[in-house]
Amino acid sequence: MRLLQEKPPSGPERRTALARLTDEWLAALFAAAAPPKGVALVAVGGYGRAELSPRSDLDLLLLHDGSAPQEAVAALADRLWYPVWDLGIALDHSVRTPAQARATAAEDLKVQLGLLDARPLAGDTALAAALRSTVLADWRNQAVRRLPELAELCRDRAERAGELRFLLEPDLKEARGGLRDAQALRAVAASWLADAPRDGLDTARRRLLDARDALHLATGRATDRLALQEQDAVAAELGLLDADTLLREVYEAAGIVTYASDVTWREVGRVLKARSARPRLRTLLGGRVGERKQPVERTPLAEGVVEMDGEAVLALSARPERDPALPLRAAAAAAQHGLPLSPHAVRRLAATAKALPVPWPAEAREALVTLLGAGAPAVPVWEALEAEGLVTRLLPDWERVRHRPQRNPVHTWTVDRHLVETAVRAASLTRRVGRPDLLLVAALLHDIGKGWPGDHSVAGETIARDLAARIGFDRTDTATVATVVRHHLLLVETATRRDLDDPATVESVAAAVGTVGTLELLHALTEADALATGPAAWSAWRASLVADLVKRVTGVLAGEPLPDPEAAAPSAEQERLAVEALRTGEPVLALHTQGEQPLDPDEPEPVGVELVIALPDQPGVLPAVAGVLALHRLTVRAADLRAVELPAELGPGPGSVLVLDWRVAAEYGSLPQGHRLRADLLRALDGTLDIPARLAEREAAYPRRRGVQAPPPRVTVAPAESRLATVLEVRAQDAPGLLHRIGRALEGAAVRVRSAHVSTLGANAVDTLYVTRPDGSLLPDEEAVDLARTLEAALG
């Protein structure tokens, strides 16, 4: 407590000082307890390494040689453990003889790992030192058997906790690349079987420990999870600018540990395989007398690059100092053959390779495209280049997106890894485009602007133009890459948020794209980008909307006229339902299952449904239908509303019928039956079903998630988006009944909703509404702005 109140310097000094004070306290307890001979108090695990965080638990072993009576040893243990518990300190304790400790370590890998760091605190230090030496010898003798067990332990932990450098709320200890993995690397090194790359590893481990110290101080708890609500306080404790700076530092440290782990375990596997392939005795003796050693096999991969022992390495004749394209050529060759790039080769390339001229020669540009086109094998090769700083040397603007977190939970990856993953996805789509090289480079650069303030697409266009010219593309290709980066969100945002039957929508996309070649690049990049974002960003439904938009834009670019939406007649089914609604004076429903196929057979997707409703035109239809759908747990994807005027010969008399064409999906479970939807809709329209109250009950039942508070809703008027209606864009936190609340606010403002397009990513909803005055005319600018403010207030 004294140490924490004094607030000494953070980092290793505080951990060492905290361990020293704890040592003195425990040694005093031990001495005061009058211990018998042949007993030692030993710190193990993190405490054994003298790495105590402010709220760390204590790992202690009371070691005895068996000469003292058991009652005396047990009494001594009580005198040691109870004062620790009385202070509220978590304690992991055991009482064992050296033989018992070795036996337990042989059965429990975690115990053996803890004993590797055993450190005597008090008592018979020779007994403790002997145990540590014996355990270390056991570890080395049993390494062939125990290291695969340790590797499996690391893999299981990674599956449970995830990869630290890509998590918004990472576990600093358990996640892959965290402190547990750093400890595993120390254990591998202690086995003498393999060793981790040392460059930056100690610094990375220290950074993770510093972050955990600050987390303990900020929360006052023994926690290892860096929760969102704690990140600003932890950053302040460490003297960092903000939470994003904190995450970038933590991610970078985890990346170093992860890369070191990958290299180390690959080396362990190679050594174990070599040992199992030849007799142990021959290995120890260096072969029979007179026996010639087998030459190391080297298989050529590319100029200056060969395969050796399962890795891509530099050929003996390679001269990086004279061959500036060699780093990219070696990376491309490794990825194309599905091989890891030797860390020794990468280190040599980073130290000696000559810088590429600007613009790059064609060979270097083609090697980059080949690397990106290799697909998934390109990822570990790219990470090897990044580990030695070669990527930022080739692409200087990459530094701004390295390890940059993405606060939107829809994103699986950090910005830099997302760019690489997008290129991986794009590699499988290259047959769909005329210029696969431009697709791959645009995929790698499409979010490069996220390292700058403002709209990342606008910033990215400028950066992509500079980088494409640097890479060696001519002026025309450079302009194409810049255009694709500038508009990489255009297709998906337009398809999911705009009315595709509105000619202005399609014409605006055609004007932005310019050519069919650019359009096909954008189409492929849109899919690759969404697939690389995460499972919530892409679906068969979104794919069909984007494909429909691309088809319409292609027609415009080919000179084909767009149909007039005002002249479009209702479909036969819509007309039939309208007649029935006019005849009965009540709603008529039709449900059609679309039977969408998921893009990934392992990722089932909710069934898409078209719901057509016809009913006599009356106020309150939109909020009533949206509310009923929300109560039945149906997610709205799009809604088209149109008034159909029926002539007398089609019904009992002329009249206006409102036809609503909805695209919905079940949140989970089976779809509701049509007659139940119709019954609830009747009740909603006549006022006997209190939808707001029912939705409030559901919202109150939802578990409140701790974290950053959602920003307030924002409603904007999209300028000149349509000649048919005024376009409002609503951005808000997604919640049950959001469209119902929007509909109620619009009904109160006496405007008519022509169509609604709903897009949801994670917890964020973007609803686009096409509204007019009751007579079908557009709203004047001031009236539209007032409506946006009114809607904002109603949702807030």
Side-chain angles (χ1 to χ4, degrees), residues 301-305 318-336 341 346 349-350 352-375 378 381-382 385-386 388-402 416 419-420 422-424 426-427 429-430 433-449 451 459-488 514-515 517-518 520-522 524-525 528:
L301 300 177
E303 183 182 350
V305 189
R319 295 292 181 268
E321 65 278 4
R322 302 177 187 174
D323 188 355
L326 183 57
L328 283 171
R329 190 164 64 249
Q336 283 292 103
L341 191 55
V346 182
L349 289 169
T352 62
K354 185 179 179 181
L356 279 168
V358 178
W360 294 1
E363 180 194 2
R365 182 176 68 252
E366 290 164 5
L368 174 65
V369 171
T370 301
L371 168 61
L372 300 177
V381 174
W382 187 272
L385 297 178
E386 275 213 276
E388 297 296 336
L390 281 167
V391 172
T392 50
R393 191 185 304 179
L394 293 166
L395 306 171
D397 290 275
W398 193 263
E399 181 60 33
R400 281 184 170 266
V401 296
R402 280 186 74 238
D416 55 340
L419 293 175
V420 177
T422 303
V424 167
L429 306 175
T430 53
V433 300
R435 290 295 302 275
D437 56 337
L438 299 185
L439 171 63
L440 292 168
V441 171
L444 184 69
L445 302 179
H446 75 279
D447 275 348
I448 197 72
E461 177 184 14
T462 301
I463 299 169
R465 190 183 302 276
D466 292 342
L467 287 178
R470 177 188 183 89
I471 291 169
F473 288 108
D474 62 26
R475 184 173 299 179
T476 301
D477 290 346
T478 294
T480 300
V481 170
T483 299
V484 172
V485 170
R486 171 67 180 87
H487 297 296
H488 70 273
T515 68
T518 303
E520 70 179 15
L521 289 172
L522 272 177
L525 176 57

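Heavy-atom basis, side chains included; hydrogens, waters and symmetry copies ignored. All values reported here derive from a predicted model rather than from experimental measurement.
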Closest approach of [X] to [Y] (non-hydrogen atoms, all atoms of both residues):
X: Ala524; Y: Val433; value: CB-CG1, 3.9 Å
X: Gly373; Y: Gln336; value: C-OE1, 4.4 Å
X: Asp447; Y: Val401; value: O-CG1, 4.2 Å
X: Val485; Y: Glu461; value: CG1-N, 3.9 Å
X: Ala302; Y: Arg329; value: CB-CG, 4.1 Å
X: Ala528; Y: Ala426; value: CB-N, 3.6 Å

[atom2] on [Y] to [atom1] on [X], rounded to 0.5 Å:
X: Thr352; Y: Asp323; atom1: OG1; atom2: CG; result: 10.5 Å
X: Thr422; Y: His446; atom1: OG1; atom2: NE2; result: 4.0 Å
X: Glu399; Y: Asp416; atom1: CD; atom2: CG; result: 10.0 Å
X: Trp360; Y: Leu467; atom1: CH2; atom2: CG; result: 8.5 Å
X: Ile471; Y: Leu395; atom1: CD1; atom2: CG; result: 5.5 Å
X: Ile448; Y: Thr462; atom1: CD1; atom2: OG1; result: 12.5 Å

Check your understanding: Ignoring hydrogens and geometry, is there a side-chain-to-backbone donor-acceptor pair from Glu520 to Gly434 under 3.5 Å?
Key -> yes

Review point. Would you say the side-chain atoms of Arg470 pair up with the backbone N or O of Leu394, donor to acceptor, closer than 3.5 Å?
Key: yes

Does some side-chain heavy atom of [Y] sit less than 4.5 Å from a side-chain heavy atom of [X]?
X: Asp477; Y: Asp474; answer: yes
X: Val481; Y: Arg465; answer: no
X: Leu438; Y: Val484; answer: no
X: Leu326; Y: Val305; answer: yes
X: Leu419; Y: Leu445; answer: no
X: Thr370; Y: Leu328; answer: no
X: Thr480; Y: Arg435; answer: no

Point to revise | Residue of the set Val424, Leu390, Leu341, Leu444 for which side chain to side chain contact (heavy atoms under 4.5 Å, CB included) holds with Trp382 | key: Leu444

Point to revise | His487: partners by ring pair (Phe, Tyr, Trp, His ring centres under 6.0 Å), with sequence neighbours left out | key: none

